[in-house]
**Q** 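Shown below is the structure under consideration.
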Number of protein chains: 2
Amino acid sequence: MTSNTRAKMVAGAADLMSRRGVNATSMREVVRHTGTPRGSISHHFPGGKRQLIEDAIVFAGAQVSGPLRHLTTERGAMAGLRAFITLWKRTLEQTNYQAGCPILAVAVEEYVSDPSDKDTGGGQAVQRHLLDLAQGIFADWQQILSAALKQEGLAASRARRLATLVVASVEGTVAMCRAARSAQPLEEVSHELELLLKSVIEGR
Amino acid sequence: MTSNTRAKMVAGAADLMSRRGVNATSMREVVRHTGTPRGSISHHFPGGKRQLIEDAIVFAGAQVSGPLRHLTTERGAMAGLRAFITLWKRTLEQTNYQAGCPILAVAVEEYVSDPSDKDTGGGQAVQRHLLDLAQGIFADWQQILSAALKQEGLAASRARRLATLVVASVEGTVAMCRAARSAQPLEEVSHELELLLKSVIEGR
DNA sequence: ACTACAATATGACGGTTGACATAGCCAGCG
DNA sequence: CGCTGGCTATGTCAACCGTCATATTGTAGT
């Protein structure tokens, strides 16, 4: 049976990463923050901090794609857009605009491990892995929205472009809301995105 | 006369921050990367690392808002949009998709200085300052685009919303491009944004 | 009851960080 | 010439990091 502490560590890491970023989140603080034993860290995550980060962003990604997939297939593209936005808005408001998106943090930062700076040879490949993971999660969200838009009758290429626009603009807006300590950017972007999608779908 | 090494430090810090994020950029690496003397750091930046970060993002912000302001007032909103996008596209391509936006990095991360963990009392206020600065730069870009859109005859509220959408989506897209090691997301978003603005301006 | 193994606790290690202090350099100018 | 003040060089400091090694505990299987 998979331990409970492992899950708490992953969730705690995702939370801290969304608030402070990847490099500002230390493993010691994760265990401090979650009340989990420090000694278990190398047991549950033999891959070290890198593995914790991977698990955390996969966890965070699934937490979004789950409801998103459910609502889009159930009630269409428009409901999916609203769910996507509402989900982030709630996260922002519930944390007083301290938490953002941990996947975006991975996409913006570069995780560097202390030992053996060496050359950039080994670092590059390992670095790729984290970015690939983040890119995969973004692609996942896009694919869900894109499929829903195609379902509404849009051409494949148009649906893909619009899905990219939605994911990118919401991610950027969440960061802006964090900086502004306000949900206003999200409301403005939400307004425009709804207008755009509505006109594109209905005016077909 | 303001020293040359100071400017090199600021530019180097902005560059490193755009590649690795705020917390992964150490002052020692800035001086290593720019060939500037380590001892001068506390002379040029008595405020320590925080001051370096501030100067770096102000510098990076001006590097965008300069050309942006010039082109929008010269050739209109559409040219401004294209300039904004092209500017980021060039940055991405010239660095093999390693550099993103340092202001976004500040907006996503939380800069934490090692000493005096204390409570969150003192940290909060200081943290605000960096985020306020980042928010101000975003607002600067928005204001330029928004003014250009109003010049094209749009209502003030609509112009503001669209400007927010443009800035947010481009910022998010730049991060996605970094993760994907590809300019494709930017091209897709660019396509949709041009379509949107064109229809909104012409169909007035 | 006793073993075997997963999980937890605790400490140590080598390394880096930001900040600061002290000392040396080197114009420019009286 | 000598001084002076802006830079630069170098070292030290405490704190923290990620990782590993070594107990110690908990617990299920026989």
Side-chain angles (χ1 to χ4, degrees), chain A residues 1-10 12-13 16-17 20-56 106 109-120 122-123 126-127 129-130, chain B residues 1-10 12-13 16-17 20-56 106 109-120 122-123 126-127 129-130:
Chain A
M1 166 187 105
T2 50
S3 161
N4 185 6
T5 73
R6 210 198 113 105
K8 279 207 287 185
M9 284 177 178
V10 171
L16 282 180
M17 281 164 54
R20 317 188 174 185
V22 177
N23 288 293
T25 299
S26 71
M27 316 196 72
R28 289 169 142 94
E29 204 151 3
V30 170
V31 307
R32 208 178 304 147
H33 184 259
T34 56
T36 45
R38 203 192 93 198
S40 313
I41 223 169
S42 38
H43 236 266
H44 292 303
F45 305 94
K49 185 177 181 179
R50 168 156 283 114
Q51 188 183 354
L52 216 201
I53 298 172
E54 293 171 8
D55 286 16
V106 171
E109 298 183 48
E110 172 168 336
Y111 168 61
V112 313
S113 47
D114 338 7
S116 74
D117 224 11
K118 289 187 175 181
D119 55 332
T120 51
V126 180
Q127 194 57 224
H129 190 207
L130 275 185
Chain B
M1 168 189 106
T2 49
S3 162
N4 185 7
T5 72
R6 211 199 111 105
K8 279 207 287 185
M9 283 178 178
V10 171
L16 282 180
M17 281 165 55
R20 318 189 173 184
V22 178
N23 287 292
T25 299
S26 71
M27 316 196 70
R28 287 169 141 96
E29 203 150 6
V30 169
V31 307
R32 207 179 304 147
H33 184 258
T34 55
T36 45
R38 192 184 70 134
S40 313
I41 220 168
S42 37
H43 243 268
H44 292 303
F45 305 94
K49 186 177 181 181
R50 166 156 284 116
Q51 188 183 354
L52 217 202
I53 297 172
E54 292 172 8
D55 286 16
V106 171
E109 299 183 47
E110 171 167 337
Y111 168 61
V112 21
S113 47
D114 337 5
S116 74
D117 223 11
K118 290 185 173 181
D119 55 331
T120 50
V126 180
Q127 194 57 226
H129 190 207
L130 275 186

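No experiment lies behind these values; they were computed from the predicted model shown. Each chain gets a letter, A, B and so on, in the order the sequences are listed, and its residues count up from 1.
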**Q** Assess whether one donor atom and one acceptor atom, taken from the side chain of B/R38 and the base of D/dG11, lie less than 3.5 Å apart.
**A** yes
**Q** When all nucleic acid strands are considered with a 4.0 Å heavy-atom cut-off, which category describes A/T5: base, sugar-phosphate, or nothing?
**A** sugar-phosphate
**Q** In terms of the nearest nucleotide of DNA chain C, which residue is placed more toward the 5' end: A/S40 or B/T25?
**A** A/S40
**Q** Hey, is the side chain of B/S26 poking within less than 4.0 Å of OP1 or OP2 on C/dT16, counting only N and O atoms?
**A** no
**Q** Here's a test of your reading of the structure: between A/S42 and A/R28, which maps to the more 5' nucleotide of DNA chain C?
**A** A/S42
**Q** In this structure, how many angstroms lie between the P atom of D/dC17 and the NZ atom of A/K49, rounded?
**A** 9 Å
**Q** Round to the nearest Å and state the distance from A/K8 atom NZ to C/dT8 atom C1'.
**A** 13 Å
**Q** Please state how far atom CZ in B/F45 lies from atom P in C/dA19, giving the value in whole angstrom units.
**A** 12 Å
**Q** Atom CG in A/L52, atom CZ in A/R6: separation rounded to 0.5 Å?
**A** 8.0 Å
**Q** Starting from C1' on D/dG18, measure out to CZ on A/R50 and report it in whole angstrom.
**A** 12 Å
**Q** Nearest whole Å is fine: how far is C/dC5 P from A/H44 NE2?
**A** 18 Å
**Q** Could you check A/G39 against A/M27 and say which one's nearest nucleotide on DNA chain D is further toward the 5' end?
**A** A/M27
**Q** B/H43 side chain N/O closer than 4.0 Å to the phosphate oxygens (OP1, OP2) of D/dG5?
**A** no
